[in-house]
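Working notes, structure below.
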Protein chains: 2
Amino acid sequence: MTETESTGRRHTRDDVARTALRILDDHGLPDLTMRRLAAALDVQPSALYWHFPNKQTLLAALADRIVSHGRPVATATASTATAPTDWMHAVRSEAAALRDALLAYRDGAEVVSSTFALGLGSTAAVDRLASAVALGGFDDHTSGRAATALLHFILGHVSHEQQRMQYDSFGVVADGVTASSIDEDDPAAAFRFGVDLLVGGLEFSRSRR
Amino acid sequence: MTETESTGRRHTRDDVARTALRILDDHGLPDLTMRRLAAALDVQPSALYWHFPNKQTLLAALADRIVSHGRPVATATASTATAPTDWMHAVRSEAAALRDALLAYRDGAEVVSSTFALGLGSTAAVDRLASAVALGGFDDHTSGRAATALLHFILGHVSHEQQRMQYDSFGVVADGVTASSIDEDDPAAAFRFGVDLLVGGLEFSRSRR
DNA sequence: ACCTGAACACCGTTCAAGT
DNA sequence: ACCTGAACACCGTTCAAGT
């Protein structure tokens with residue numbers, strides 16, 4: 001019932017990250033403070049700085065866990081032979097998997113977004129998207145740029161989506177206008193639309209040369 | 001030389017926003033605190049809450065100013081007759097103008113991004129993008145979704161770009177690897193690439209039906 | 001209409017010292 | 001190897017009261 005994890009006393013870096021992830025998921029990013037995390041671990045705030053140099057690094061570790069949520073452990077099997085024409089499907093499902101991973105934790109997109117902007121970790125997401133695009137025969141430069149464009153859209157979209165979720169749960173609905181503007185409804189469809197736009201743009205650029 | 005604006009004593013809501021914008025541009029978002037803003041205005045922190053109910057609202061006001069930077073005052077002239085096939089050009093230049101506006105202030109993209117995610121203001125940007133897309137003959141629903149997709153990409157890209165600027169100015173270059181990964185070079189080109197992907201995707205979706 | 005003074009309830013981070 | 005205790009230098013926000 002309480003939030004403390006008093007199992008054993010001394011903690012590992014992994015304990016800290018896991019507890020932080022639980023606070024994030026239960027109470028949201030604004031409530032994930034070093035002091036609150038320390039309290040949940042039954043420890044002084046200063047103790048956390050033995051495990052992580054600062055909060056930013058902690059958040060980067062959380063971002064890595066969020067992004068690799070529900071992912072195979074990447075065994076070194078030969079590259080799974082995807083049908084060469086099915087790169088569009090690959091990109092779409094890679095994007096959908098990433099969205100699912102972000103949605104699996106409260107404020108997940110914002111956490112990943114902030115650490116991505118700062119260039120810390122989270123390269124896994126771009127790499128997977130870039131690989132999927134590369135299946136279409138695009139060069140590395142193009143695949144990389146397309147992947148970051150995809151990631152920017154995904155992070156922006158899911159952040160927006162998650163922000164709206166908690167705005168709804170305890171929201172100012174009493175404002176008359178239901179405020180459901182153009183595509184606030186069916187976020188999954190709006191997500192697919194955006195991904196398809198980028199995927200279609202790649203196909204279009206190919207047909208143009 | 002100092003940051004105080006001791007001109008007259010009593011301030012207006014506009015003074016507050018303008019001074020905040022200057023602190024943002026000179027020192028960045030982390031340094032834009034209510035206390036620092038108050039000091040710059042030669043006033044107690046509590047005085048700010050007469051002009052704005054909270055910091056979030058202040059930031060939304062700043063976002064509005066940033067987004068409409070370098071913009072005509074929207075005179076009610078008849079819709080400028082753009083060549084019907086030139087909607088792509090319209091979208092591209094609308095996107096470029098938005099990027100320029102965001103780049104005109106330090107951390108501009110992050111400020112706009114945060115208020116956009118919260119659904120406060122900044123509808124001007126989406127509206128302009130949607131109008132440009134609509135020139136292509138797409139229905140409102142499609143135009144709206146394309147506009148938000150564009151905005152998500154733009155905000156993510158420029159945030160990243162601006163983060164990298166101050167990371168460079170005082171950065172950890174001594175880390176061996178020059179870290180210039182796939183498209184950290186020439187951000188303007190990477191930006192155009194992303195916009196073209198989305199624009200191309202729209203054209204592709206039209207050819208597909 | 002616009003601001004002061006004083007407080008409340010917090011933050012992240014450092015650092016000597018303990019076991 | 002992992003943590004305590006105590007401090008430093010801050011935050012955003014509220015609210016009675018002043019002019």
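In what follows, chains are A, B, ... by sequence order, proteins preceding strands, each numbered from 1. Only this structure's heavy atoms are used, side chains among them; waters, hydrogens and symmetry mates stay out.
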In this structure, how many angstroms lie between the [atom2] atom of [N] and the [atom1] atom of [X], rounded?
X: Met34(B); N: dG12(D); atom1: CE; atom2: C1'; answer: 7 Å
X: His27(B); N: dC10(D); atom1: NE2; atom2: P; answer: 14 Å
X: Leu58(B); N: dT13(D); atom1: CG; atom2: P; answer: 10 Å
X: Asp31(A); N: dA9(C); atom1: CG; atom2: C1'; answer: 14 Å

Taking the side chain as every heavy atom from C-beta outward, state whether [X] and [Y] have any atom pair closer than 4.5 Å.
X: Val67(A); Y: Arg128(A); answer: yes
X: Ser114(B); Y: Leu29(B); answer: no
X: Leu102(A); Y: Leu155(A); answer: yes
X: Val199(B); Y: Val195(B); answer: yes

Can you tell me how far [atom1] in [N] sits from the matching atom in [M], rounded to whole Å?
N: dA17(C); M: dC2(D); atom1: P; value: 22 Å
N: dC11(C); M: dC8(D); atom1: C1'; value: 12 Å
N: dT14(D); M: dC3(C); atom1: C1'; value: 15 Å

Inset, instruction - Would you check, one step at a time, whether the test side-chain contact (heavy atoms from CB on, under 4.5 Å) holds for Leu202(B) with Thr142(B)? - result: CA-CA 9 Å; Leu202(B) 278 165; Thr142(B) 303; 4.1 Å; yes
Salt bridge or not for [X] and [Y], using N-O below 4.0 Å?
X: Asp26(B); Y: Arg106(B); answer: no
X: Asp14(A); Y: Arg65(A); answer: yes
X: Asp25(A); Y: Arg22(A); answer: no

Inset, instruction - Taking only heavy atoms on the protein side, list every residue of residues 44-56 of chain B lying under 4.0 Å from any atom of DNA chain C, sorted numerically. - result: Gln44(B), Ser46(B), Ala47(B), Trp50(B), His51(B)
Legend entry - Ring centers of His11(B), His51(B) separated by less than 6.0 Å: no
Inset, instruction - Check every atom of dC2(D), dC11(C), dT4(D) against the side chain of Arg35(A) and return the nucleotide holding the closest atom. - result: dC11(C)
Legend entry - Pair pattern of DNA chain C in dot-bracket, where unpaired bases get dots and | marks partners in another strand, Watson-Crick or G-U under 3.5 angstrom: ||.|||||...|||||.||
